[in-house]
Amino acid sequence: MSDNTDNFRDRVYTVVAQIPKGHVMTYGDIAALCGSAYASRQVGQIAHFGPPDLPWQRVVNRHGGLASAYSFGGLDGHKAALEEDGVKITEDYRVESFDRLRWRPL
DNA sequence: TGAGTGACTGTAA
DNA sequence: CTTACAGCCACTC
């Protein structure tokens, strides 16, 4: 289970770790970069069990909103974390100008 | 090997 | 606008 480093999971870690500050990505985008555009669900599960070293706070859903069961202290903590990165959050806990901050690897 | 699960997404009503 | 249903993939037991 840990022998393979070419796993989808490892790729997710790399992608999330490469998200620049002030930008965000969707689960679908990350999954697509990992090779599977429909593995968005898996990305979320990996994130929950993944290392807290990575900026999961920059990972949001297609709505540009925060995840449901976030563990950084709830939506409140997630919102604060994104603001620390320079990302503005609306009252609906959605990333403002999400479409504009959405990062894409060149 | 097989079945279950999930921090999702897209379309439909 | 919100709510509901179905589909897809990778990981764990």
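Note on naming: letters A, B, ... go to the chains in the order of the sequence lines (proteins, then strands), and numbering restarts at 1 for each one.
The distance from atom OH of A:Tyr27 to atom C1' of B:dG6 is 11 Å, rounded to the nearest whole Å. Rounded to whole angstrom, the span from the CD atom of A:Gln57 across to the C1' atom of B:dA7 amounts to 14 Å. Atom NE2 of A:His63 is separated from atom C1' of C:dT3 by 11 Å (rounded to the nearest Å).
For the pair A:Asp29 and A:Arg104, the salt-bridge criterion is not met [side-chain N within less than 4.0 Å of a carboxylate O].
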Produce the list of close N/O pairs, under 3.5 Å, pairing protein atoms with atoms of nucleotides 4-10 of chain C; give distances to one decimal.
{"unit_1": "C:dG7", "atom_1": "O6", "unit_2": "A:Arg41", "atom_2": "NH1", "d": "2.9"}
{"unit_1": "C:dC9", "atom_1": "O3'", "unit_2": "A:Ser36", "atom_2": "OG", "d": "3.4"}
{"unit_1": "C:dA10", "atom_1": "OP1", "unit_2": "A:Ser36", "atom_2": "OG", "d": "3.0"}
{"unit_1": "C:dA10", "atom_1": "N3", "unit_2": "A:Gln42", "atom_2": "OE1", "d": "2.7"}

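Under the side-chain hydrogen bond (donor to acceptor under 3.5 Å, both in side chains) criterion, A:Asp76 pairs with no residue, sequence neighbours left out. Partners of A:Tyr13 by side-chain hydrogen bond (donor to acceptor under 3.5 Å, both in side chains), not counting sequence neighbours, listed by chain and number: A:Arg9.
What you find for A:Leu33 and A:Pro105 is that their closest heavy atoms are CD2-CG, 3.5 Å.
Among A:Val12, A:Val15, A:Ile19, A:Thr26, the one residue that satisfies the side chain to side chain contact (heavy atoms under 4.5 Å, CB included) test with A:Val59 is A:Ile19.
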